[in-house]
Structures are given as structure tokens and as C-alpha cells.
There are 2 protein chains.
Amino acid sequence: MEKSKLSRKEREYLRHRQEILQVALKLFSEKGFHNVSMHEIAKKSEFAVGTLYKFFSNKEDLYKALMLEVSNMFHSSLMAALATSGNELEKIKACVEAKLKVFMDNLDYVRLYLAETRGAGFNVKAGLDTDIKMSYEEFVKKLARVFEKGIKKGLFKKFDSYLLAIALNGISNAFLFQHLEYPDAHPFDADLIINIFFHRVYEKGEMEKCNTKTV
Amino acid sequence: MEKSKLSRKEREYLRHRQEILQVALKLFSEKGFHNVSMHEIAKKSEFAVGTLYKFFSNKEDLYKALMLEVSNMFHSSLMAALATSGNELEKIKACVEAKLKVFMDNLDYVRLYLAETRGAGFNVKAGLDTDIKMSYEEFVKKLARVFEKGIKKGLFKKFDSYLLAIALNGISNAFLFQHLEYPDAHPFDADLIINIFFHRVYEKGEMEKCNTKTV
DNA sequence: TCATATGGTGACGGATAACTCACAAAGTGA
DNA sequence: TCACTTTGTGAGTTATCCGTCACCATATGA
């Protein structure tokens, strides 16, 4: 009982809670918040409706718990990637790789996450989207700071670092969307993204002479 | 009566229909499909509920009509841009410019459009998202063909043209999202996008020597 | 002026779904 | 075995909202 610091009861409670969340995740990601009823979640998770309300005070609360889990998982893994050792390019590469990996491993979560962050998040009245957006914002800023440092070092071209961060995220998100829609149609990987984005943004030494205006 | 080919009645009918659509657009883009009731649309458009059903057979139908309008507007303007004269780079630049312009001029539409295409489109049972996605798909393919041609001409690097199209769209979408969230915070324009994307993807003559692997 | 048609109305029916609560079952400890 | 607590139950309550339909009002035309 001491090895995990939680009593059997507590662990059971958490297991049940987790089971409900898993079922809810599946359903929400398949059909969307408004097209899933508490009865449906109850049935599929083999609990009674009333039981759900012992775990979550209402439907929105359940949804929020789910989204928080997602957000935290993604956030911590991306932040960790940005904190790896190495130069700025390596950090960013690690970040793209981490993103693809976590996202690929949690496609149901991604579907929900994107619905909330990219599509307008109409599912929850307030608070949640703010939290998630702040967390996302924090990540983008950290990424921008890496770009900034890379620019100062002369590694990258002098674009607005924040916009570079957005652009890079935009590319990787685009590929992820594509993957969600057509999983096997257009294979891609982190290297590809890095190549498209950096092969030309990345700048060192003799590349300078390539800076002729293109337009 | 002949100058417009429509009777006064017919014109009034269309005007009323358009008024309803405008109100619905505003509401849907603010609160999402499920958080807007027909009563609300009725009230704000100063028609009775029953009247709405004279124009649209149900709520979903109203929403579809709206989305079709959007989709067609965006689609035709993007396709037109891709069909302009000029080399591949110019076509693509025209396309990015057109996209930014139409989207900026119709931010309410964009919010809805993105909710339907990027977030999972759970608002409508079937058919609509398929149509929109097919239309989007058609555009991406045409864009990819332009890339393909540019690659064959030696203008662009040898990436998978379809993936390039996705990446470019990803970047411009990312900026648009950003703009929707924080309209004045991080100004950007088509040139910036083109620069980030092409300054290094764009390839000619002496740029060849820059092709050293970056990673 | 009156009959008819058309566009417009909004109270109402019916269905669905979130949420409650009185109760049952299972577990616990003596 | 028995009292008591905890966990789980699901029929029922309440509220919302879609969609209808019997009914106005205005316009048109004879």
C-alpha cells in the first residue's frame, strides 16, 4: 500500500476514472462533443449514468479533464524536446520529431486537440480553451526564443522569430491533418519537414550569396 | 424586370434569404453550430421561426448553404489565382495573395470554414464535409501540379509536389489562425510567407551549391 | 370591394439529453 | 452475523430546441 502511496481503493477509483476517460476520448474524437451523450459514454464504459457524475460534475467537466490531459501530455513532451542539449537547429529538430511521435501515438487525442485549438473551440464555455491556448502560447514563445538565439548566432535568417515558430508549427500541423484524413496516402517524417523548412532557412557561411531577392 | 431576369418577388426572396444567411453566419462563427438555435437566428434576423423553414428545410440545410457559399467563394478565387499567367513562382505567389485577401475580407467565413475543414467537422452528418474536402483536395492537387511543373523546370527543389502544396497551405493557414486569435499582434503578408517558404526552396542557377545536407 | 394567393407568424408537440436522487449492492470491520 | 459506509444504479425530472401547422396580413387582380 505504501509502494504507490495510494490505497487500493484510491487506485481503483483512478482506474475507473481512467476507463471512463478512455471511452469518452474515443467517442468524442469520433463524433464530437455535442454528438456524444452521457448515456452513450455510460453504456460503453459499463457504468451507469449516475456513476459518471460521481467522477465528473458534468459533461463539460469530463471533457475538460480529457483536454487537460492531452494538453499536458503534448506540452511537456514538446517543452522537453526544446530543452535538449545541442545547437538551435538540433533543438528544433528534436522538437519536430517529438511532436510527430507524440501526436502519431495519440491520434484520437490529436483529433480532439486540433478541434479545440485550430477549429474554433465551441465545445466548452470558457476557461479550457484559454488554458490550452496559454499552454500553446508558452510553447510557441519558447520555440521562438530558440529561433531568436539561432538568428543571433547567424544560424538562421533574420525573420521575425515568432512568425518562424508559427510557420514551422503550421507545416507540421498541416502534415498531421493530412495524416488524420488519409493515414497512408502521403508518408512524411520529421526530416522532410526540417528539410522543407530549413534547407533554405538554415543559413551558414557560403549560403549568404543565395540571398538574392526571389520576388 | 428584365434587366436582372428576376421578378421583384424573386429578388426579395433572395434578399431575405441572404439576410438570414448573414445573421446565421455571424452567430455560427461566434458560437458554433450547436450553440446557436433556430430561435436565435429568427430573432436576430427579425423573421419568425416558421419563416426560416420556408427558406431552408432544416438547420443543417441552412448551415450547408452557408458552407457551400464559403467553399465556392474560396475555391473559385484560389483556382483563379492559380490560373494567372506567369511562371510557377508567380502563380503560387498570386495564389497566396489571393488566399490572404479573400480570407481577410471574410474572417467570419474563415472561422467557420476552418472549423469545418481543420477541426473535425462534426456539425453536419454527411455530405457537406465531403464536398468541401473534395473541393479543397482539387485545389491542393492543382497547386501540386504547379509545383510539379516548377520542379521539372528546375525552378524548385525536388520535393514531393503534393507535400509541398500541403506545406505551403500549412504555413498560410497558421498565419491566418494567428490572425484570427490576435488580429493585430503579429502582422504578416503574402511576401513574408513566400519569403519563408521560397527564399530557400526556390532554386536556380548558382543556388545549387547550397544543397549541402543541413542535418 | 371582395376573393384568392403568397409570404410571414409563433404557440405548440415531440424528442432528446443533461442531470438528480432515492435506492440497491458490495464491501468493511467488529 | 450485523450495522454501517461506500460505490454504483437507472428511472424520472427538467429544460432545451428542432420542426410543424393552423392561422394572419398584405398584396394582387378581377
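Reminder, nothing fancy here: chain letters follow the sequence lines and each chain counts from 1. All figures in this text were calculated on a predicted structure; none of them were measured in a lab.
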> Where along nucleotides 9-30 of chain D does protein come under 4.0 Å, by heavy atom, of base (B) or sugar-phosphate alone (S), with - for untouched nucleotides?
Replying inline: BB-------SBB-------S--
>> So, using side chain to side chain contact (heavy atoms under 4.5 Å, CB included) as the criterion, who are the partners of B:D61 when residues are at least two apart?
In response: B:F56, B:S57, B:N58
> A:L62 CG to C:dA18 P: how many Å, rounded?
Replying inline: 11 Å
> Is a salt bridge present between A:K142 and A:E138, judged by a nitrogen-to-oxygen distance below 4.0 Å?
Replying inline: no
>> In whole Å, I'd like the distance from the CD atom of B:E40 to the P atom of C:dG10.
In response: 17 Å
> Salt bridge or not for B:K26 and B:E30, using N-O below 4.0 Å?
Replying inline: yes
> Are B:K43 and B:E40 within salt-bridge range, i.e. N to O under 4.0 Å?
Replying inline: no
>> Any non-hydrogen side-chain atom of B:I193 less than 4.5 Å from a side-chain atom of B:L168?
In response: yes
> Within this structure, what is the CZ-to-C1' distance between A:F55 and D:dT7, rounded to whole angstrom?
Replying inline: 8 Å
